[in-house]
Structures are given as structure tokens and as C-alpha cells.
Engineer: 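Sharing a structure below in C-alpha cells format, with a few things to ask.
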There are 2 protein chains.
Amino acid sequence: MPNEHPAPPRRTPARRVTIYDIAKHVGVSASTASRALHKPGRVSKATEERIKRAAAELGYRANPAARALPTGRTGTIALLVADITNPVSFEMVRGAEREAEKHGYVLVTSEFREDHVKEASRARSLAPSVDGFVLASSRLDDDAIATIAALNPVVTINRESPSAFSVLADHEPALRELVRTLAAEGHDRLCYLGGPESSWTNAKRWTAIEAAARDEQIEALTIGPNRPTREAGQRALDAVRDTGASAVIAYNDIMAIGLLTAARDAGLRIPEDFSITGIDDIFGSDFTCPPLTTIAAPLDDMGAAAIRHVHAALSGERDRGTEKYPTQLLMRGSVGPAPQPKGRK
Amino acid sequence: MPNEHPAPPRRTPARRVTIYDIAKHVGVSASTASRALHKPGRVSKATEERIKRAAAELGYRANPAARALPTGRTGTIALLVADITNPVSFEMVRGAEREAEKHGYVLVTSEFREDHVKEASRARSLAPSVDGFVLASSRLDDDAIATIAALNPVVTINRESPSAFSVLADHEPALRELVRTLAAEGHDRLCYLGGPESSWTNAKRWTAIEAAARDEQIEALTIGPNRPTREAGQRALDAVRDTGASAVIAYNDIMAIGLLTAARDAGLRIPEDFSITGIDDIFGSDFTCPPLTTIAAPLDDMGAAAIRHVHAALSGERDRGTEKYPTQLLMRGSVGPAPQPKGRK
DNA sequence: CTGTTAGCGCGTTCAC
DNA sequence: GTGAACGCGCTAACAG
């Protein structure tokens, strides 16, 4: 802990009301009050009613810390995302938050900025104050995830791991469809603009593209690894052109947007000179010039599902497994026919 | 609490190491261990060293809940934002998170989706588990904020309130400059596309625009209130055209982008037929067609500052006041000369 | 169905 | 400089 937060000059203590206050007020013991408030049916209907009324009147709020001590449950779930400012995170965070609230959990969201060291350290420091973890686009290896999972249930999003439940977007069919479409448009060499090496999905995506290209009997090559940023997308323009490919599939929309704007700045016409596609369907991908062809996943649902599985694991249900979500190819203006029809086939 | 999370089937307890473990391990009392770990100099240099070593060896992690009980401090700060999926939130969240981590706090981020009822209820339910609040773009009235501030220090972002410390972006100079520029380009009637009624900044922005327009001797009118969404921006196109204004300043970039895309879909040329500007400089505002003229604020710094002020308040420093941050007008392609010079003056 | 007792892990008196 | 004892608010175990 780099810094301590001292307590000395306490703020207006304004003592909060406890179960003892309401117990005294009603004329029962504290444990009865506790039961009435949280254990359904363990107390007579009449006194339960009186206790609940008193609690409402006095404005009682359970102290989570006090509750966590005997139960070992904090009522908090941590969601670790690679990059908060990546629009991909939004929908996931929103879905997770909605579901967490629904089950009475507080959600703590934290980003690790694509840094696996930071990710591990955040998990370690958060571990004592949460009941479980959701790791979105984790950069950790299986051992590191296992370490975390030893103390708390872990659900991963877009990352498979033997020690966690995994919620995945199945990009394979959409990528295959995309490659088929590109081939049909006459593209006979396509380039995958790769993402971070430590990204599990990066490898998956390239594998799917490669296989699809083979089936379509067109060439596929990849450049990378690259950081998943706009800047990286921009800087990749020359490398992409050097490949001689007429179509590019970028690791994600952020990179695709970087590449697209760089291409336009360089005087290229999209898609006449060049087809570009991304993955994710982030905010903004529909209003680039031209709008970006991309692949959408139900990130909102996936975020919610992850929380649901953490909750299930905490309730004693199985905490390993995989759940796949379908994705959808969105054809937009950034894809067009190959520039020089070479008459393949 | 809509739902309880039952504890019964506890997960591999895997008892965590406590100060007692390390105390026994070293051969001292628990209180000495506690002191050595957190009270500088209250224990002999030698034993302090041994205790710290033991703590490290055993992998000791303080139990925040147990700590919170006697101290009343949870080490957590809540950040409430209007809309997580609005890119405006990102930078603020990121800055806040960075600063929170720096001071050893855990940050809980939660959105209330522009709903003041939800905002209040979130604050109420979070109150017992946090040390303080940051309310970003709060939709609450002063009384509601005062209620929250009675229990925990509150810092507001882009919202002034008598019972909280306020971190504000000062849009007035940039708006004035923008209006002056528009006037110089020949626009003699401009329209403010208003945001939500409950938004404090909405009123501020309109006031600044109105005053600047008066000074420039051009006409300014406003339409609204509107929800701060892309859809609202799109739907406003007709209303905006009906005003006869040749330039629009939107409440924020999201709405501006909605308006811009709707205008283009309707066959209008921007900025030849119409100048459009936003406020916020969100992700995406630089790659619309044409790029959006907007006003940028140091949201990252403001988020960090808010946390700093919560921390300061918790340390007994003053918890009322105002801190203003300068903003910057970014002229981009969406602004041009007025379509039909009417030869004002 | 309900009251009593004990203890969660830690900080903090108060003695020594 | 250090240890023993108490209590934070709540739940759990054990009576009754």
C-alpha cells in the first residue's frame, strides 16, 4: 500500500443505527432482529413485521463490514478489464453491473491496462475484499488464474482457462463468413493485423481466419503482435501495404479505426483501394468514413452472464465450464470489391 | 435488496493468514504485530523487521472488513457516473482509479443512467460500505446531496453544491470563443440543442452561450430539454432546421454526433449547409465526417482531483469549495462559414 | 420461535 | 516497547 489513509480527524460520527437499536426499540434480542431481517421464516410473522417496520423507521442499514466478518462474504464482486477507455468494456461493465445489483452485489471495476503484472497485483490486493472475480480479456496465464481461483471463484470473459468458468464470444462462424465474403469480392490475399501476444482471443482469431482462408483457397498472412490501440493501427499502415494484401482484418475496431483514418490521411480510398474490417462493433464504428464492417458480440449479456456464474459458484454450483455466445457479422461500407480483379478460380 | 446471496456451501475455506498467525510465528502478541504493520515507530526496529518479514513470508493480507469494523473506515470510495457507456465517463473513471489506487483506496464505480432516483438509491445503499462519494454529473438536487454528505464526504464533478466540494470544468471562455468564431463566420442565428433539465451543466452552458451571443449581437435560441443520447440528437434534426439557425451547439458530443449523422443521412452537407459543434471531445468526435468541433476538458485530471479531495476531506481538511479546470476549444471540420451571408451589421 | 453466548480479525485502550 | 483485554456489528451455535 503506497499510502495510508489515516483516521484521526473523524468526520461527524453520526452513529449509524445497528440491530441493537432496533432490537431495543422492538423489545427483542439482537439475534432475533438479525434473523427477521435476513433469514426468511425463522421468526414469527408478527415480530418479523414489527422488526422490519422499526428498521425502516430508524433508517437501519446493515453494516457490510460487520456482516462480512462472521460470514466471510463481502457481497462484492470484482471485474477486471484490460482497458476502461476501450468502448468494448462499456457494454460488458454495464451488463455486469446490472446483474450484480440484481443479486445484491456491489461491483468493483478496475482496469489493468493490458499489463498482466498489474492485473495479478490488482487481483491479489482485491482478493480479501471480494467474493469472486470476473476477468475480462485477461492477460494472465493459466497458473496465475489458478492462483486467484484458489481463493475466490473466477469467471473469465473471452479467455478459456482450466481453473475458471469461461464466457466466450464465438467469433469463428462470423470470421469464416467474413473471409468467404472477402474471397467472393475478389480479394485473394488478406492480412490479419494482430493484437497483443498475451491475448487469448488474438490467437483464436488468427487461427479462425487462417483456416477459413485455406478453405476459400486464398492467401492469409498476419503482422504483429501489436498493442491494441489506435496509434498501433495507424502506424501499421505501411506494414499492411507492404504485404500486398487488398483486405485487412484487424484484431479489433480500435486498431481498425486507427488504420482506416491513417489510410484516408494518406490519400487512400476505402474501400476502393483497400477493404478494412474490425471486430467488436464498438461505439464509433458505425460513423467512421466509411462505416466499419465488423463483428458484434452480445457483450452486455456476456458481462451479465459472468456475474451470474460467479454467483452460481458462490452458491455451490459448478464453477468450471464454458458458455459460448454467438456473434454477428455487420457488413458496412469499409468492405468492397478487390481493386485489381486478378481472376482467381 | 432484491436478492440474497446465501452462504451455505462455502468455498474451500483456505483460511487466510491473520495477524495472529504472524504473531505466533514471530513469538509476539497480536497487538505488536498490528502495530508493527501499521504504526510507524511504535515498536522496536528489530521486531518490526521480523514481523514484516514474517508477514511477507506467510503472504499476509489485512482483512479489510475486520479492519473496517473498529476504525469505521472501509478504504473504499464510490464514484457515481450518469452513464458508463458515455465516453465522457472513461477518462474521469480512469483518472479517479489511478488516484484512488495511489492512496490505497478501492474505487467502486456505478452508473445511474441519468436517473436521479436511482442515483439517490445507489448512494444510500453504498453509503455503509464506502468512506466517501464522488458524484459525476449528478442529477440530484442540493438537499439530496446534503443528505449523502451528512454521512460521508462528497465531491461533485461538473455540479456545484453547497454541501460538497466541487470540481468543475470552466466551459465559459471556450463557449465564448466558439460563439465569437461562429459570429465571425457569418452565423447570425445559432441554436443550442439542450440536454437534460436536471443537468447542472446544461443550464450553465446555455447561460454562457446566451451571454456570448448577446455580446456578439447575434441571435441565440435553444430547444430542449432532451435526453443526452445519439437518438435524441438524431430526432432533433427537424426541430433544429425549423429554427432557421445556421449553426448548432449541442449539449454534448453524443448528441452532436447523432445530429451530424442524421443531417448527412438527410442529404445535408456539413459544414456547407450547417455548422455543428459539440462539447466534451469524446472518443470518436475526431473521426466523424467531418470531424466534430468541440470543447475538451481535462477529465482525467478532474477525476483524479475528485478522489484527492475526498481523501483530503477524510483527513480532516476542508470539504467545501470549488476547483475550476480550464477547457479548450478544438476547431475541426464541422464548422464553416454561414450558408447565405445575410450581411448583418 | 427466541434469547444467550461466543467469536469473526483487527485496532485500541490500559496496564506493565 | 510490549502484552492482555475489550469492543466494533453482526451471525452462528446452542440452549430453551
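Just so we're on the same page: letters track the sequence lines, and every chain starts at 1. Only heavy atoms go into these numbers, but all of them, side chains included; no hydrogens, no water, no symmetry mates. These numbers were taken from a predicted model, which means no experiment stands behind them.
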Engineer: Pick the closest DNA chain D nucleotide for B:Glu48 and for A:Tyr20 by heavy atoms, then say which residue is nearer the 5' end.
Structural biologist: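 Closest to the 5' end, via its nearest nucleotide, is B:Glu48.
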
Engineer: Compare side-chain N and O positions of A:Thr32 against OP1 and OP2 of C:dG3 and report whether any pair is under 4.0 Å apart.
Structural biologist: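 Yes, such a contact exists.
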
Engineer: Measuring to OP1 and OP2 of D:dG1, would you say a side-chain N or O of B:Arg35 lies under 4.0 angstrom away?
Structural biologist: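 B:Arg35 to D:dG1 OP1/OP2: no side-chain N or O under 4.0 Å.
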
Engineer: Does A:Ser31 place a side-chain N or O at less than 4.0 Å from the phosphate oxygens OP1/OP2 of D:dT11?
Structural biologist: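 No, no such contact exists.
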
Engineer: Write down the distance between CZ (A:Arg16) and P (D:dC8), rounded to a whole number of angstrom.
Structural biologist: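 My rounded result for the distance is 16 Å.
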
Engineer: Measure CZ/A:Arg67 against C1'/D:dA12 and give the value in whole Å, please.
Structural biologist: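 My rounded result for the distance is 13 Å.
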
Engineer: For the pair A:Arg159 and A:Asp142, find out whether any cationic side-chain nitrogen is under 4.0 Å from an anionic carboxylate oxygen.
Structural biologist: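 Result for this pair is yes, salt bridge flagged.
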
Engineer: Which whole-number value in Å describes the distance from B:Leu37 CG to C:dC10 C1'?
Structural biologist: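 Result: 11 Å.
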
Engineer: At under 4.0 Å, does any side-chain N or O of A:Ser29 touch on OP1 or OP2 of C:dG3?
Structural biologist: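 Yes, because at least one side-chain N or O of A:Ser29 sits under 4.0 Å from OP1 or OP2 of C:dG3.
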
Engineer: What is the separation between atom NZ on A:Lys24 and atom C1' on C:dG3, rounded to the nearest whole Å?
Structural biologist: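 To the nearest whole Å, that distance equals 16 Å.
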
Engineer: Kindly point out which of C:dG11, C:dG7, C:dG9 is positioned nearest to the side chain of B:His38?
Structural biologist: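 Selected nucleotide (nearest to the side chain): C:dG11.
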
Engineer: So does A:Ser44 get a side-chain nitrogen or oxygen closer than 4.0 Å to the phosphate oxygens (OP1/OP2) of C:dT2?
Structural biologist: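 Answer yes for this pair, as a side-chain N or O of A:Ser44 is under 4.0 Å from OP1 or OP2.
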
Engineer: Can you tell me the distance, in whole Å, between the CG atom of B:Asn63 and the C1' atom of C:dC10?
Structural biologist: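 Value for this atom pair: 8 Å.
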
Engineer: Are side-chain N/O atoms of A:Glu91 and B:Thr85 paired as donor and acceptor at under 3.5 Å?
Structural biologist: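 Result is no, nothing qualifies.
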
Engineer: Take atom CD1 of B:Ile22 and atom P of C:dG11, then tell me their distance rounded to the nearest Å.
Structural biologist: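 So the CD1-P distance, B:Ile22 to C:dG11, works out to 11 Å.
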
Engineer: Strictly below 4.0 Å: does A:Lys39 bring a side-chain N or O up to OP1 or OP2 of C:dC1?
Structural biologist: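 False: A:Lys39 side-chain N/O out of range (4.0 Å or more) of C:dC1 OP1/OP2.
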
Engineer: Can you tell me the distance, in whole Å, between the CG atom of B:Leu69 and the C1' atom of D:dG7?
Structural biologist: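 In whole Å, D:dG7 C1' lies 9 Å from B:Leu69 CG.
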
Engineer: Which residue, B:Glu119, B:Glu111, B:Glu114, forms the salt bridge (charged side-chain N to carboxylate O under 4.0 Å, His left out) with B:Arg139?
Structural biologist: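 Result: among B:Glu119, B:Glu111, B:Glu114, B:Glu114 is the only option passing the salt bridge (charged side-chain N to carboxylate O under 4.0 Å, His left out) with B:Arg139.
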
Engineer: Return the value, rounded to whole Å, for the distance between atom CD1 of A:Ile51 and atom P of C:dT2.
Structural biologist: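 Computing the A:Ile51:CD1 to C:dT2:P distance gives 8 Å.
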
Engineer: So, OP1 or OP2 of C:dG11: does either fall under 4.0 Å of a side-chain N or O from B:Ser34?
Structural biologist: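 Yes, within the criterion.
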
Engineer: Among C:dG9, D:dG9, C:dG11, find the nucleotide with the atom closest to the side chain of B:Thr71.
Structural biologist: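 My answer, after comparing the listed nucleotides, is C:dG11.
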
Engineer: For a quick test of reading the model: is some side-chain N or O of A:Tyr60 closer than 4.0 Å to OP1 or OP2 of D:dC10?
Structural biologist: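 For D:dC10, OP1/OP2 do have a side-chain N/O of A:Tyr60 under 4.0 Å.
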
Engineer: Is A:Asp83 salt-bridged to B:Arg94, going by a charged N under 4.0 Å from an acidic O?
Structural biologist: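 Salt bridge present between A:Asp83 and B:Arg94.
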
Engineer: Would you please confirm or rule out a distance under 4.0 Å between OP1 or OP2 of D:dT2 and any side-chain N or O of B:Thr47?
Structural biologist: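 Yes, because at least one side-chain N or O of B:Thr47 sits under 4.0 Å from OP1 or OP2 of D:dT2.
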
Engineer: Salt bridge or not for A:Arg53 and A:Glu57, using N-O below 4.0 Å?
Structural biologist: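 Looking at A:Arg53 and A:Glu57, the cut-off is not met.
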
